[in-house]
A.B. asks: 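Handing you this structure, nothing more for now.
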Amino acid sequence: MSSFQVYNSLTRQKERFESLIPGKVGMYVCGPTVSGESHLGHARPFITFDILYRYLRHLGYEVRYVRNITDAGHFEEEGRESEDKISKKAVLEKLEPMELVQKYTNLFHWAMREFNNLEPSIEPTATGHIVEQIVMIERIIADGYAYVVNGSVYFDVEKYHADFGAKGMQYGILSGRIIEDQLETTRELEFQDEKRSKMDFALWKNAAPEHIMRWKSPWGIGFPGWHIECSAMSSKYLGEEFDIHGGGMDLQFPHHECEIAQSAVCHHKIPARFWLHNNMITINGRKMGKSYNNVIKLSELFSGAHEILTQGYSPMTVRFFILQTHYRSTLDFSNDALQAAEKGLRRLWEAFGQLNKLDTDSRAIIAAGDPDLEQKCYEVLSRLDEDMADDLNTAKVLAGLFELVPVINSIKDGHIKIDALTTATLRMMKDQFSTYLVDIFGLKEERKQDDQKLGAVLQLIAEIRKDARSRKDYATSDKIRDQLLNAGIQLKDEKDGGVSWELV
RNA sequence: GGUCCUGUGGCCGAGUGGCUAGGCAGAGCUCUGCAAAAGCUUCUACAGCGGUUCGAAUCCGCUCGGGACCUCCA
């Protein structure tokens with residue numbers, strides 16, 4: 001099992017990855033809140049960690065990959081008006097909360113399949129783990145690190161910090177925040193009557209009568225706070241200490257920081273050893289987010305039905321686009337960049353196809369006809385593994401693969417003779433392309449046609465048919481019409497002489 | 001206001017002390033009935049100023065610009 005290194009947000013440096021149990025990896029990734037349809041920004045963590053999941057498996061690890069579904073609704077902590085996103089929208093759409101959640105969960109799963117993301121090993125829901133969350137909260141209260149106010153429970157950050165800071169688990173350890181500074185910063189707190197300190201966060205919230213999502217608890221009717229689910233579910237399925245915890249950079253604080261605090265009280269240790277955070281996708285230099293009103297939903301991204309988009313971009317184009325940038329860099333979205341990715345992917349993928357057609361079986365070439373080229377190819381191929389092992393540098397791996405594209409195409413075109421390279425190197429090339437493009441990067445062949453292109457084709461056929469008709473060549477015109485109909489496409493002659501078509 | 005990240009050629013993006021990143025676009029050529037594809041060649045870089053160094057895109061300082069987190073957020 002070869003080794004690799006990743007950047008650990010907890011230590012703020014690259015570290016050699018080693019799992020707690022040899023050969024096995026426990027990985028938890030914060031999943032989506034299914035109160036709405038997933039957008040472009042959501043694509044990045046789930047693709048990034050899918051790559052990591054695939055890579056770990058490629059290296060020979062047995063991985064338990066847990067990715068939650070947050071379906072209980074998150075709440076504004078210091079909120080102006082404490083509102084549950086899910087229940088609020090449920091009222092607007094006149095749906096049962098669970099019906100709404102199911103709808104967006106299904107859409108999320110659809111998008112993940114489109115991206116060719118592997119399914120996680122376990123996909124637990126917050127609503128399915130209310131009991132586990134309550135048990136955890138009770139433990140935190142029993143140990144004195146939480147207090148009850150009006151049916152709500154809050155985590156006492158300052159007490160935690162004082163006690164656990166001495167044990168190397170200070171609040172702020174992950175995000176690099178200094179709690180003392182945080183407390184000093186004067187920030188207007190209008191609805192802080194219940195919390196003892198502004199740093200405190202909710203473990204359980206009392207539910208107002210009109211609140212739809214509600215569960216019985218020792219503190220009354222309410223719903224869980226927004227960090228406890230991940231602590232409860234990760235420890236249930238991966239243990240009190242596991243290998244990797246991943247998510248978007250925006251979750252580093254406060255979400256993951258709070259997770260650490262909750263878990264530390266219950267289990268006396270930081271729950272995960274490696275904390276990985278992907279950077280944001282920006283659009284016109286600005287982070288995509290509901291509050292910025294610049295959200296492109298995934299279905300819009302694929303179809304092109306959004307004012308920012310000049311066209312639709314296929315899931316594989318988006319996946320490739322994301323892989324062309326290192327996961328810890330911000331990635332700026334633009335039509336130009338996506339179109340470049342689309343073309344680049346096509347070229348790379350076609351070269352991959354040509355490569356697979358090369359004959360590496362019938363004869364063995366032991367001495368390279370072009371030693372320099374042989375050497376260069378070997379070096380490029382060898383470097384791929386090093387680049388991937390260095391904090392998952394997919395951008396560099398892709399650059400390496402692209403360097404070989406002219407070689408492959410030249411062999412195909414006869415500019416380079418196939419015996420310029422040894423059979424061993426050609427086979428290595430096939431192996432590496434397949435390993436990275438298919439196995440690790442999860443790219444796949446896409447249907448080439450889409451409605452736009454089909455429309456162009458049909459327009460052409462319709463013109464040919466029109467010409468035939470004008471020549472009174474009805475045998476041809478009818479053949480076109482009838483056989484298209486057999487194929488499920490019906491041509492309709494309009495009164496003005498034009499032709500429309502419909503899929504039947 | 002606090003904490004932190006960042007500024008690479010027309011666009012996107014690797015790269016942390018010396019060695020071609022790569023993709024897309026542009027130009028020329030080859031191939032081609034024409035075109036497309038493909039191949040070859042090629043032009044545009046390291047925000048600015050100062051410092052460290054034999055040598056800096058890469059380290060340090062300052063200036064200017066952009067962004068993130070501190071509040072639900074991938």
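Here is the naming used below: chain letters follow the sequence lines, and residue numbers restart at 1 for every chain. Keep in mind that what you see is a predicted model, and the values were worked out from it rather than measured.
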A.B. asks: In whole Å, measure the gap between the C1' atoms of rC11(B) and rA68(B) for me.
C.D. replies: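 My reading of the C1' atoms in rC11(B) and rA68(B) gives 23 Å.
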A.B. asks: By the salt bridge (Lys or Arg N to Asp or Glu O under 4.0 Å) test, which pairs, at least two apart or in different chains, include something from residues 312-323 of chain A?
C.D. replies: Asp50(A)-Arg319(A)
A.B. asks: Taking atom P of rA74(B) as reference, at what distance in whole Å does atom CD1 of Ile322(A) sit?
C.D. replies: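 In whole Å, rA74(B) P lies 14 Å from Ile322(A) CD1.
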A.B. asks: Considering only atom C1', compute the distance from rG18(B) to rG23(B) and round it to an integer number of Å.
C.D. replies: 27 Å
A.B. asks: Under 3.5 Å, is there a donor-acceptor pair between the Gln375(A) and Glu379(A) side chains?
C.D. replies: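 A pair is found: one side chain offers a donor N or O, the other an acceptor, under 3.5 Å apart.
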A.B. asks: Return yes if some donor-acceptor pair links the side-chain N/O of Lys159(A) with the main-chain N/O of Ala146(A) below 3.5 Å, else return no.
C.D. replies: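 Checking the backbone N and O of Ala146(A) against the side chain of Lys159(A), no donor-acceptor pair under 3.5 Å is found.
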A.B. asks: For residues 6-14 of chain A, tabulate all N or O donor-acceptor pairs below 3.5 Å that involve a side-chain atom, not counting sequence neighbours.
C.D. replies:
unit_1: Asn8(A); atom_1: OD1; unit_2: Leu10(A); atom_2: N; d: 3.0
unit_1: Asn8(A); atom_1: OD1; unit_2: Trp275(A); atom_2: N; d: 3.0
unit_1: Asn8(A); atom_1: ND2; unit_2: Glu15(A); atom_2: OE1; d: 3.2
unit_1: Asn8(A); atom_1: ND2; unit_2: Arg273(A); atom_2: O; d: 2.8
unit_1: Ser9(A); atom_1: OG; unit_2: Trp275(A); atom_2: O; d: 3.2
unit_1: Ser9(A); atom_1: OG; unit_2: His277(A); atom_2: ND1; d: 2.7
unit_1: Thr11(A); atom_1: OG1; unit_2: Asn8(A); atom_2: O; d: 3.4
unit_1: Thr11(A); atom_1: OG1; unit_2: Glu15(A); atom_2: OE2; d: 2.7
unit_1: Arg12(A); atom_1: NH1; unit_2: Leu174(A); atom_2: O; d: 3.1
unit_1: Arg12(A); atom_1: NH2; unit_2: Ile173(A); atom_2: O; d: 3.2
unit_1: Lys14(A); atom_1: NZ; unit_2: Asp390(A); atom_2: OD1; d: 2.9

A.B. asks: Does anything in residues 371-382 of chain A reach RNA chain B, meaning a heavy atom under 4.0 Å, and if so which residues?
C.D. replies: none
A.B. asks: Measure centre to centre between the rings of Tyr160(A) and Phe155(A), then say whether the value is under 6.0 Å.
C.D. replies: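 Close enough - the centres of the two rings lie under 6.0 Å apart.
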A.B. asks: Between rG1(B) and rA57(B), how far apart are the C1' atoms? Round to whole Å, please.
C.D. replies: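 Approximately 33 Å lies between the C1' atom of rA57(B) and that of rG1(B).
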A.B. asks: Under 6.0 Å from the NZ atom of Lys412(A), do we count more than 12 heavy atoms belonging to anything else shown?
C.D. replies: yes
A.B. asks: Under a 4.0 Å threshold between the charged nitrogen and the carboxylate oxygen, would Arg54(A) count as salt-bridged to Asp439(A)?
C.D. replies: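 Result for this pair is no, no salt bridge flagged.
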A.B. asks: Determine which pairs satisfy salt bridge (Lys or Arg N to Asp or Glu O under 4.0 Å) with at least one residue from residues 303-312 of chain A, sequence neighbours left out, and list them in order.
C.D. replies: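 For residues 303-312 of chain A, and leaving out neighbouring residues, there are no salt bridge (Lys or Arg N to Asp or Glu O under 4.0 Å) pairs at all.
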A.B. asks: Between rA74(B) and Asn278(A), is there an OP1 or OP2 to side-chain N/O distance shorter than 4.0 Å?
C.D. replies: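 No, no such contact exists.
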A.B. asks: Output the rounded distance in Å from CG (Asn335(A)) to C1' (rG10(B)).
C.D. replies: 16 Å
A.B. asks: Could you check if a side-chain atom of Tyr237(A) sits within less than 4.5 angstrom of a side-chain atom of Pro124(A), using non-hydrogen atoms only?
C.D. replies: yes
A.B. asks: Measure from the side chain of Asp250(A), starting at C-beta and using heavy atoms only, and say which of rA74(B), rC72(B), rG39(B) lies closest.
C.D. replies: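 Nearest to the side-chain atoms of Asp250(A), counting from C-beta on, is rA74(B).
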A.B. asks: Sort me out a list of protein N/O and nucleotides 5-9 of chain B N/O pairs below 3.5 Å, or just none if empty.
C.D. replies:
none

A.B. asks: Kindly write out the residues that satisfy ring-ring contact (aromatic ring centres under 6.0 Å, His included) with Tyr378(A), not counting sequence neighbours, or none if the list is empty.
C.D. replies: none
A.B. asks: What interatomic distance, in whole Å, is found between P of rU42(B) and the corresponding atom of rC5(B)?
C.D. replies: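 Roughly 39 Å separates the two P atoms.
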A.B. asks: Name the pairs: protein N/O against N/O of nucleotides 43-45 of chain B, kept only if under 3.5 Å.
C.D. replies:
none

A.B. asks: Could you state the atom-to-atom distance from CE of Met288(A) to C1' of rG67(B) in whole Å?
C.D. replies: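 Result: 15 Å.
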A.B. asks: Show me the pairs that pass ring-ring contact (aromatic ring centres under 6.0 Å, His included) and involve residues 297-344 of chain A, at least two apart or across chains.
C.D. replies: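 Every ring-ring contact (aromatic ring centres under 6.0 Å, His included) pair that includes a residue of residues 297-344 of chain A, provided the two are not neighbours, is Trp110(A)-Phe302(A), Phe115(A)-Phe302(A).
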A.B. asks: On a whole-Å scale, what distance lies between the C1' atoms belonging to rA37(B) and rC31(B)?
C.D. replies: 11 Å
A.B. asks: Can you measure Glu229(A) atom CD to rC72(B) atom P for me and round it to whole angstrom units?
C.D. replies: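 Taking atom P of rC72(B) as the reference, CD of Glu229(A) is at 14 Å.
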A.B. asks: If we take the P atom in both rA45(B) and rG9(B), what is their distance in whole Å?
C.D. replies: 9 Å
A.B. asks: Measure CD1/Ile178(A) against C1'/rG1(B) and give the value in whole Å, please.
C.D. replies: 17 Å
A.B. asks: With sequence neighbours excluded, give me every salt bridge (Lys or Arg N to Asp or Glu O under 4.0 Å) pair touching residues 248-257 of chain A.
C.D. replies: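 Residue pairs with at least one partner in residues 248-257 of chain A: there are none.
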A.B. asks: Remember a base hit wins even if backbone is also touched, and classify Gly41(A) as base, sugar-phosphate or nothing at under 4.0 Å, heavy atoms.
C.D. replies: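 Here Gly41(A) touches the bases of the nucleic acid.
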A.B. asks: Using atom C1' of each nucleotide, how far apart are rU8(B) and rG65(B) to the nearest Å?
C.D. replies: 15 Å
A.B. asks: If we take the P atom in both rU6(B) and rG61(B), what is their distance in whole Å?
C.D. replies: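 Each nucleotide's P atom is 13 Å from the other's.
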A.B. asks: With a 4.5 Å cut-off on side-chain heavy atoms, are Ile418(A) and Ile411(A) touching?
C.D. replies: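 They are in side-chain contact.
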A.B. asks: Using the side-chain heavy atoms of Ile281(A), tell me which of these nucleotides is nearest: rC70(B), rA74(B), rG67(B).
C.D. replies: rA74(B)
A.B. asks: Lys412(A) has an atom NZ; how far is it from atom C1' of rA37(B), in whole Å?
C.D. replies: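 One finds 7 Å between C1' of rA37(B) and NZ of Lys412(A), rounded.
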A.B. asks: Cut-off 3.5 Å, side chains only: do Glu229(A) and Asn68(A) have a donor facing an acceptor?
C.D. replies: yes
A.B. asks: Applying ring-ring contact (aromatic ring centres under 6.0 Å, His included), name anything that partners Phe17(A), two or more places apart in sequence or on another chain.
C.D. replies: Phe4(A), Tyr61(A), Phe274(A)
A.B. asks: Using modelled atom types only, decide if a donor and an acceptor are shared between the side chain of Thr425(A) and the backbone of Leu421(A) within a distance under 3.5 Å.
C.D. replies: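 Checking the backbone N and O of Leu421(A) against the side chain of Thr425(A), no donor-acceptor pair under 3.5 Å is found.
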A.B. asks: Is any side-chain N of the basic residue among Glu403(A) and Arg383(A) closer than 4.0 Å to the acidic one's carboxylate O?
C.D. replies: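 Result for this pair is yes, salt bridge flagged.
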A.B. asks: As a test of your reading of the structure, name each stem of RNA chain B as range with range, where a stem is three or more consecutive Watson-Crick or G-U pairs at under 3.5 Å.
C.D. replies: B:1-7 with B:64-70, B:10-12 with B:22-24, B:26-30 with B:38-42, B:47-51 with B:59-63
A.B. asks: Do the side chains of Leu381(A) and Leu404(A) get nearer than 4.5 Å, heavy atoms only?
C.D. replies: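 With C-beta onward as the side chain, the pair touches.
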A.B. asks: Return a single string for nucleotides 13-31 of chain B, one symbol per nucleotide in 5' to 3' order, where B is base contact, S is sugar-phosphate-only contact and - is none, cutoff 4.0 angstrom on heavy atoms.
C.D. replies: SSS-----BSSSS------
A.B. asks: Would you kindly give the CD1-to-C1' distance between Ile283(A) and rG67(B), to the nearest whole Å?
C.D. replies: 15 Å
A.B. asks: Measure from CD on Glu37(A) to P on rA74(B) and round the result to the nearest Å.
C.D. replies: 13 Å
